[in-house]
Novice: 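Sharing a structure with you now.
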2 protein chains.
Amino acid sequence: MIDPSADRAVFRQLADLLRDRIMSGELGPGEPLPSELRLAQEYGLSRTTVRQAIGQLRTEGLVTVDRPRGTFVRVPEQTQTITLARGERVSARMPTDAERRSHRLGEGIPVLVVTGPDGAFTVHPADRIQLIRP
Amino acid sequence: MIDPSADRAVFRQLADLLRDRIMSGELGPGEPLPSELRLAQEYGLSRTTVRQAIGQLRTEGLVTVDRPRGTFVRVPEQTQTITLARGERVSARMPTDAERRSHRLGEGIPVLVVTGPDGAFTVHPADRIQLIRP
DNA sequence: CTTAATTTGTGCGTATGTATG
DNA sequence: CCATACATACGCACAAATTAA
């Protein structure tokens, strides 16, 4: 399963294993991952290394942590569709820490930035908002 | 500067300090941050804690790491504008690990996903692509 | 050209705090 | 009150790559 002598770092290999289990549906939305201690024992790793792997999945937006209940596969949010007006531009970036809190954004969730021709812009959580050109 | 007894974690306080220096322009694009060891000594922290703070800025897309040269304030990429067709929808998410490599995406950079009425979609690096509704 | 110093990456261990059940 | 689980913070060691001497 995990090869410490491989080129790829151990924590990345563990992240790959867990990501595969999520992407394949073996671990469905809302389902808990094994605890950090459990994973550490199961694969013979330190908890630090396990946390690095889970941290990777968090930045990818694949899992959410409900402390101290556990780590869970992210459940997709209900998305709302916003219509773009003429001349509006769309970009995306990661939110600042302050934006994360004010918009109640989970980890690993980008924001959509819609800028009008006048330069005014609005910021939308990318897990709840979708844009459409009518 | 940093208050270990504060509610906010020390590594977040350090991330805040560095982020402020970047946002204010004191640390401009392409400029190096102090080395991890330097920051640790300067603030009386462990290197682990400093790395947590820098890791935070990496996930926000504010800095890039060129190992082992150092950590640098991200230099904005040249952006290309793509025109949206009728009925196309736009969303954003973090790339998968595979997408990160194939698109040569830096850390903390989301992707823009444009989906046509037929369900076909294209993926664009958010630091190089901007969308516009004409 | 060789060697040393620097810097980030990885991995381990320990300890303590906090919130949940 | 106790056990579980994640968060924070410290320490150490070694590897790999670049840069400086």
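Protein chains get the first letters and strands the later ones, always in sequence-line order, with residue 1 at the start of each.
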Novice: State plainly whether the residues B:Arg74 and B:Glu31 are in salt-bridge range, i.e. N to O under 4.0 Å.
Specialist: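 No, this pair does not count.
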Novice: How close or far is atom P of D:dC6 from atom CZ of A:Arg51, stated in whole angstroms?
Specialist: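 Those two atoms, CZ and P, are 8 Å apart.
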Novice: Against B:Arg133, only a single residue in A:Val114, A:Ile132, A:Leu84 fulfils side chain to side chain contact (heavy atoms under 4.5 Å, CB included); can you say which?
Specialist: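 For B:Arg133, the side chain to side chain contact (heavy atoms under 4.5 Å, CB included) check succeeds only for A:Leu84.
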Novice: Of all residues at least two apart in sequence or in a different chain, which pass the side chain to side chain contact (heavy atoms under 4.5 Å, CB included) check with A:Asp97?
Specialist: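 In terms of side chain to side chain contact (heavy atoms under 4.5 Å, CB included), with neighbours along the sequence ignored, A:Asp97 is linked to A:Arg100, A:Arg101, B:Arg8, B:Arg12, B:Arg19, B:Gln56, B:Glu60.
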Novice: Rounded to whole angstroms, how far apart are CG on B:Asp3 and C1' on D:dA9?
Specialist: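 Value for this atom pair: 15 Å.
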Novice: Scan A:Arg8 against the nucleic acid and name what it touches under 4.0 Å (heavy atoms): base, sugar-phosphate only, or nothing.
Specialist: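 A:Arg8: no heavy atom of the nucleic acid under 4.0 Å.
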Novice: In whole angstrom, give the distance that lies between atom CD1 of A:Ile54 and atom C1' of D:dA7.
Specialist: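 The distance from CD1 of A:Ile54 to C1' of D:dA7 comes to 12 Å, rounded to the nearest Å.
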Novice: If you round to the nearest 0.5 Å, how far is CG of A:Leu45 from CD of A:Glu36?
Specialist: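 Interatomic distance, A:Glu36 CD to A:Leu45 CG, rounded to 0.5 Å: 12.5 Å.
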Novice: Between B:Thr71 and C:dT8, is there a contact of a side-chain N or O with OP1 or OP2 at under 4.0 Å?
Specialist: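 For C:dT8, OP1/OP2 do have a side-chain N/O of B:Thr71 under 4.0 Å.
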Novice: Would you mind building the protein contact string for nucleotides 12-21 of chain C? One character per nucleotide, 5' to 3', B for base within reach (heavy atoms under 4.0 Å), S for sugar-phosphate only, - for untouched.
Specialist: BB---BBBSS
Novice: In whole Å, what is the span from the CG atom of A:Leu37 to the P atom of D:dA3?
Specialist: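 In whole Å, D:dA3 P and A:Leu37 CG are 15 Å from each other.
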Novice: Any side-chain heavy atom of B:Arg51 sitting closer than 4.5 Å to one from B:Leu39?
Specialist: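 Of all side-chain heavy-atom pairs linking B:Leu39 with B:Arg51, none is under 4.5 Å.
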Novice: With sequence neighbours left out, write down each residue that passes side chain to side chain contact (heavy atoms under 4.5 Å, CB included) with A:Ala120, or none if nothing qualifies.
Specialist: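 Once residues adjacent in sequence are excluded, the partners of A:Ala120 under the side chain to side chain contact (heavy atoms under 4.5 Å, CB included) criterion are A:Asp118.
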Novice: Round to the nearest Å and state the distance from B:Leu39 atom CG to D:dA9 atom P.
Specialist: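 These atoms are roughly 15 Å apart.
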Novice: Show your working on salt bridge (charged side-chain N to carboxylate O under 4.0 Å, His left out) between A:Arg21 and A:Glu26 and close with a plain yes or no.
Specialist: CA-CA 5 Å; A:Arg21 290 174 64 178; A:Glu26 181 192 331; 3.1 Å; yes
Novice: Starting at atom CD of A:Gln56, determine the distance to atom C1' of C:dG11, rounded to an integer number of angstrom.
Specialist: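 So the two atoms are 16 Å apart, to the nearest Å.
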Novice: Categorize B:Arg38 for me: base, sugar-phosphate, or nothing, with a 4.0 angstrom heavy-atom threshold over every strand shown.
Specialist: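 Contact class for B:Arg38: none.
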Novice: Using atom CG of A:Leu57 as one end and atom P of D:dC6 as the other, report the distance to the nearest whole Å.
Specialist: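 Answer to the nearest Å: 13 Å.
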Novice: Rounded off to whole Å, could you give me the CG-to-P distance for the A:Leu14 and C:dT10 pair?
Specialist: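 Computing the A:Leu14:CG to C:dT10:P distance gives 14 Å.
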